[in-house]
Every structure is written in C-alpha cells, then in structure tokens.
2 protein chains.
Amino acid sequence: MVRAGLSAAKVTEAAAEMADEVGLDQVTISALARRFGVKDASLYSHVKNLRELRVRIALLGGAEMTERIAAEVAGRAGKDALVAFANAYRRFALEHPGRYAATQMQFDPEEVADSVALRRSVELTYGMLRAYGLSEPDLTDAGRLLRAAFHGYIHLELSGGFAHSRQVEDSWSRSLDALHVLLENWPSHQPPEAGGRDERMP
Amino acid sequence: MVRAGLSAAKVTEAAAEMADEVGLDQVTISALARRFGVKDASLYSHVKNLRELRVRIALLGGAEMTERIAAEVAGRAGKDALVAFANAYRRFALEHPGRYAATQMQFDPEEVADSVALRRSVELTYGMLRAYGLSEPDLTDAGRLLRAAFHGYIHLELSGGFAHSRQVEDSWSRSLDALHVLLENWPSHQPPEAGGRDERMP
DNA sequence: GGTTTTACCCTAGCGGCATTAGGAAGCTGA
DNA sequence: TCAGCTTCCTAATGCCGCTAGGGTAAAACC
C-alpha cells in the first residue's frame with residue numbers, strides 16, 4: 001500500500017486550485033479526497049474540518065494577493081499607486097475567484113489575528129491614501145470606501161452583474177479615474193475633540 | 001389528517017424570514033419543512049428545488065427593496081436623492097440580510113428577465129444620476145461604481161469587516177458626502193464615434 | 001539492522017441533506 | 001355522490017461531513 005504523501009500545505013494548495021476551478025462551495029472534503037485518490041476520512045489527519053480548510057484557502061489567497069499588490073504598488077504614489085493597487089486587486093480576484101471568495105468569509109477574530117498579510121494590506125492602503133494628503137479620520141473613511149468599491153465592483157463582475165464584454169475594462173478604468181478625483185477632493189472632516197475615533201478598525 | 005395549507009407564496013415568505021434570521025445558507029428544504037411541521041418531500045409540491053426556493057427569496061427581496069428605495073427617493077434630486085437611495089438600500093440590507101444575500105446570487109438571464117423590480121431599480125439609479133448632469137457613457141460607469149460602492153460597503157459591514165460600532169454610521173455618511181462630491185466632479189468622457197457603447201448592461 | 005514509535009490511511013458507521021417515486025387522504029366541482 | 005386534482009405521506013437513493021478504531025508504512029531510535 002503506497003501512501004499518498006499528503007500534508008496540510010499540499011491539501012490546502014489543491015483545495016485552492018480546486019476552488020478557482022469549480023467555485024469555493026464546490027470544494028468539499030469528498031471531492032478533494034477523490035482528487036487525491038484517497039478516502040474522505042484520510043483528509044482529517046491534515047485538516048480539522050471543512051471550515052478550517054476554507055480558512056486555510058483564505059489565508060493562502062490573502063497572502064498571495066497582498067504580495068502581488070505590494071509588488072505592483074512598490075515605488076509608486078498618487079494615481080499611479082491607486083491604479084496599480086486596483087488593477088492588481090482585480091486581476092487577482094478574476095484569476096483566482098475561489099481564493100478571492102474565501103477571503104470574503106466571516107472570520108473569528110482570532111483566526112486572522114496573526115495574519116501578516118492582513119496588517120500589510122492595511123498598511124498598503126493607508127500609505128497610498130497618505131500620499132493623497134489624507135489623515136485620520138479621513139484615512140479610515142476613504143479606506144473603507146475604496147475597499148468597498150473594489151470589492152463591490154469585482155463582486156458584480158464575477159457574479160455576471162454586467163456582461164463580460166470588453167466594455168467592462170473601460171468602465172473599470174473610468175471608475176479608477178473617478179476614484180482618483182474623489183481622493184483628491186475628499187471632503188475632509190476634523191477629528192472630534194474627545195478621543196474615541198482612533199479606535200476604529202480599518 | 002389535517003393539512004398544513006401551504007402554497008408557493010407562503011413557503012417563500014417563510015423561507016425569506018428564515019433567511020433573515022439564520023442566514024441564507026441555513027435555509028434548507030429540511031429546516032423549512034421542520035418549521036412547517038411537515039415532511040421534506042411535501043415542500044416539493046410547492047417549490048421545484050432548493051435553487052428555485054432561493055431564487056424566489058431573491059425576487060421577493062428585490063421587489064421589496066426596490067419598493068422601499070423608490071418610496072424614499074420619490075420627489076428628491078441631487079444629494080437628497082443620493083442619500084435617500086443609499087440609506088434605504090443599506091437599511092434594507094441590514095434589516096433583511098438573508099433576502100439581501102439572495103439578491104446577490106448568480107441568476108440565469110431568463111430567471112430575472114421579467115423582473116419589474118430590476119428594471120425599476122435601474123431606472124431609479126439613472127434618474128438620480130441624470131440629475132447630476134451625467135449622460136452616457138458616464139451614466140453607466142457612475143451607476144456601476146455606485147452599485148459597487150453600496151454593495152461593497154454593506155458586504156463589509158455584514159461580514160464584520162469593520163467593528164459594529166457607532167463609528168460605522170459616521171463613516172457611511174461621510175462616504176456618501178464623498179460620493180456626492182464625486183458625482184458632481186465626475187470626469188466625463190465622450191462617447192466613441194462608432195456605436196457599440198450603447199449596448200452595455202447597467 | 002532491528003525495534004519502537006509515530007503518523008498516515010483505511011474500513012465502518014452515524015446523521016443530515018436534496019431529491020424522486022408512488023401511494024393515500026383531503027378538497028372541489030359536476 | 002363520486003371523479004379528479006392537490007397535498008401530504010412513506011420509502012428509498014445518493015452525496016456529504018464527521019468520528020472511532022485498527023493496521024501498516026515510514027521515520028526515529030538504539
């Protein structure tokens with residue numbers, strides 16, 4: 001009897017690939033075991049349960065995504081940085097829809113508490129926004145709106161909300177133009193006298 | 001033997017309620033049958049399968065949502081309309097997360113082809129944007145960005161992306177300020193000489 | 001090199017879910 | 001009243017997540 005030679009890492013990588021190919025919700029323990037030519041129960045030596053498997057996919061995907069964004073943004077500022085960030089974000093999501101979907105799960109705080117990628121991605125966003133001259137609390141507000149716009153756009157695109165036409169590219173890049181204008185004209189707000197605003201999550 | 005007196009409409013309404021309470025993915029045929037005190041198989045007299053049930057929830061939720069938005073936007077224009085639209089959108093999504101989630105499914109084109117609500121919601125958006133002086137192709141681009149921003153924001157909020165603090169309200173209303181500024185300063189584009197742009201979906 | 005220990009993978013089995021087939025009992029209209 | 005339709009049932013299939021417990025390959029130790 002030859003062993004399959006699995007490991008948590010291999011299982012996660014295969015699961016991520018499978019998620020990109022057939023959708024995150026099609027990634028089941030059974031299907032994954034089938035892909036490895038192994039019985040379902042065998043996978044439980046490497047992964048606690050289905051939820052943990054998905055969290056692993058998310059952490060893997062999140063790390064990869066942040067890495068790619070960081071590489072593209074490096075050395076840029078202002079609109080250059082914004083466009084590089086946004087395009088890297090979108091390209092990753094379109095090329096790896098399963099991994100991307102996984103990053104959108106609801107996590108228990110401690111599941112992602114020690115995620116370097118998460119902290120890094122917040123830093124990247126804030127660095128970009130500071131180049132636009134923003135500071136708290138606008139930093140937080142603008143960051144949220146940017147994340148929302150990016151995610152919302154990709155979500156609509158992935159779910160077929162608009163046709164998969166060449167036009168989406170134009171629309172996307174014009175939205176980036178618009179967001180650039182938005183950040184340059186951000187309606188600033190003074191932080192309130194008393195503290196409390198500082199504790200906001202990004 | 002007393003009959004339960006079910007109907008497609010009653011089943012859908014109960015399913016929508018259940019989705020709001022426990023999450024769309026917890027709405028199963030079994031759970032719903034249990035709620036009615038009926039066997040699983042009985043529901044198949046009223047609903048073709050699980051997918052159709054979810055589509056029904058989506059259509060119901062979409063209609064309700066559009067209705068509420070339309071009521072709020074009626075008689076307003078400019079920033080008033082934008083804020084009314086956005087707040088009605090967000091409030092519905094937060095009060096009815098299950099129905100809202102259902103509206104985000106991927107549909108076959110003919111499943112929603114005859115949805116009045118969908119057409120109406122597009123009209124509402126476009127009317128709002130025309131009041132900002134936009135015309136095609138900016139109408140389409142701005143509409144997409146708005147939908148993306150709204151959906152993205154609510155999605156982040158619902159999935160706990162940021163803390164459930166009072167601050168989210170501030171952040172949201174400042175994002176609306178920013179979007180208003182954006183629409184007033186939208187970087188316009190000329191339509192290309194030859195046709196083709198007109199066929200874009202919203 | 002032989003032995004012990006570990007860790008991997010298996011068989012077996014539980015309960016939950018979606019779905020279908022076919023039958024019985026209520027309701028409706030002639 | 002009785003035929004016919006609808007609603008609900010029982011029964012069964014197959015897929016899935018997950019657990020318990022056992023055997024063996026591979027690694028660790030002497």
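Lettering of chains follows the sequences in order, A, B, ..., and the numbering in each one begins at 1.
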Ignoring hydrogens and angles, write down the donor-acceptor pairs under 3.5 Å from the side chains of residues 10-17 of chain A, residues two or more places apart or on other chains.
{"residue": "A/Lys10", "atom": "NZ", "partner": "A/Gly5", "partner atom": "O", "Å": "3.1"}
{"residue": "A/Thr12", "atom": "OG1", "partner": "A/Ala8", "partner atom": "O", "Å": "2.7"}

Output a table of donor-acceptor pairs, distance under 3.5 Å, between side-chain atoms of residues 35-44 of chain B and any protein atom two or more places apart or on a different chain; print 'none' if there are none.
{"residue": "B/Arg35", "atom": "NH2", "partner": "B/Glu21", "partner atom": "OE1", "Å": "3.1"}
{"residue": "B/Asp40", "atom": "OD2", "partner": "B/Ser30", "partner atom": "OG", "Å": "3.1"}
{"residue": "B/Ser42", "atom": "OG", "partner": "B/Lys39", "partner atom": "O", "Å": "3.3"}

Atom pairs and distances, side-chain donor-acceptor, residues 73-89 of chain B, under 3.5 Å, sequence neighbours left out:
{"residue": "B/Arg76", "atom": "NE", "partner": "B/Glu72", "partner atom": "O", "Å": "2.9"}
{"residue": "B/Lys79", "atom": "NZ", "partner": "B/Asp177", "partner atom": "OD1", "Å": "2.8"}
{"residue": "B/Asn87", "atom": "OD1", "partner": "B/Trp172", "partner atom": "NE1", "Å": "2.8"}
{"residue": "B/Asn87", "atom": "ND2", "partner": "B/Val83", "partner atom": "O", "Å": "3.3"}
{"residue": "B/Tyr89", "atom": "OH", "partner": "B/Tyr100", "partner atom": "OH", "Å": "2.7"}

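Here OG of A/Ser135 is found 11.0 Å from CG of A/Leu129. Values are rounded to the nearest 0.5 Å.
Among pairs with a residue in residues 100-121 of chain B, those fulfilling salt bridge (Lys or Arg N to Asp or Glu O under 4.0 Å) read B/Arg51-B/Glu111, at least two apart in sequence or across chains.
Taking only side-chain nitrogens and oxygens, B/His46 comes nearer than 4.0 Å to OP1 or OP2 of D/dC8. Residue B/Ser42 places none of its side-chain N or O atoms closer than 4.0 Å to OP1 or OP2 of D/dT7. Side-chain nitrogen and oxygen atoms of A/Ser45 include none within less than 4.0 Å of the OP1 or OP2 phosphate oxygen of C/dC9.
In this entry the distance linking CZ of A/Phe36 with P of C/dC10 reads 12 Å, nearest Å. The CG atom of A/Asp25 sits 13 Å away from the P atom of D/dC16 (whole-angstrom rounding). Summarising the geometry, the separation between CG on B/Leu43 and P on C/dT20 is reported as 13 Å, rounded to the nearest angstrom.
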Using the 3.5 Å cut-off, write out each protein N or O paired with an N or O of nucleotides 17-22 of chain D and the distance between them.
{"residue": "D/dG17", "atom": "OP1", "partner": "A/Ile29", "partner atom": "N", "Å": "3.1"}
{"residue": "D/dG17", "atom": "OP2", "partner": "A/Ile29", "partner atom": "N", "Å": "3.0"}
{"residue": "D/dG17", "atom": "OP2", "partner": "A/Ser30", "partner atom": "N", "Å": "2.9"}
{"residue": "D/dG17", "atom": "OP2", "partner": "A/Ser30", "partner atom": "OG", "Å": "2.8"}
{"residue": "D/dC18", "atom": "OP2", "partner": "A/Tyr44", "partner atom": "OH", "Å": "3.3"}
{"residue": "D/dC18", "atom": "OP2", "partner": "A/Leu50", "partner atom": "N", "Å": "2.8"}

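DNA chain D lies under 4.0 Å from no heavy atom of any residue of residues 8-16 of chain A.
Here B/Arg90 pairs with B/Glu157, B/Glu169 under the side chain to side chain donor-acceptor pair (under 3.5 Å) rule; sequence neighbours left out. Residues satisfying the side chain to side chain donor-acceptor pair (under 3.5 Å) test with B/Glu95, not counting sequence neighbours, are B/Arg68. Applying the side-chain contact (heavy atoms from CB on, under 4.5 Å) criterion to B/Ala178, with sequence neighbours excluded, gives A/Leu145, A/Leu182, A/Trp186, A/Pro187. Residues that satisfy the side chain to side chain donor-acceptor pair (under 3.5 Å) test with A/Gln26, not counting sequence neighbours, are absent from this structure. Considering only residues two or more places apart in sequence or on other chains, A/Glu64 meets the side chain to side chain donor-acceptor pair (under 3.5 Å) condition with A/Arg99.
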*Check the pair A/Arg54 / A/Leu50 against side-chain contact (heavy atoms from CB on, under 4.5 Å), numbers first and verdict last.*
CA-CA 6 Å; A/Arg54 296 205 168 132; A/Leu50 181 59; 3.8 Å; yes
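In the helix from C/dG1-D/dC30 to C/dA30-D/dT1, the rotation axis of the first five pairs and that of the last five pairs differ in direction by 10°, rounded to 10 degrees.
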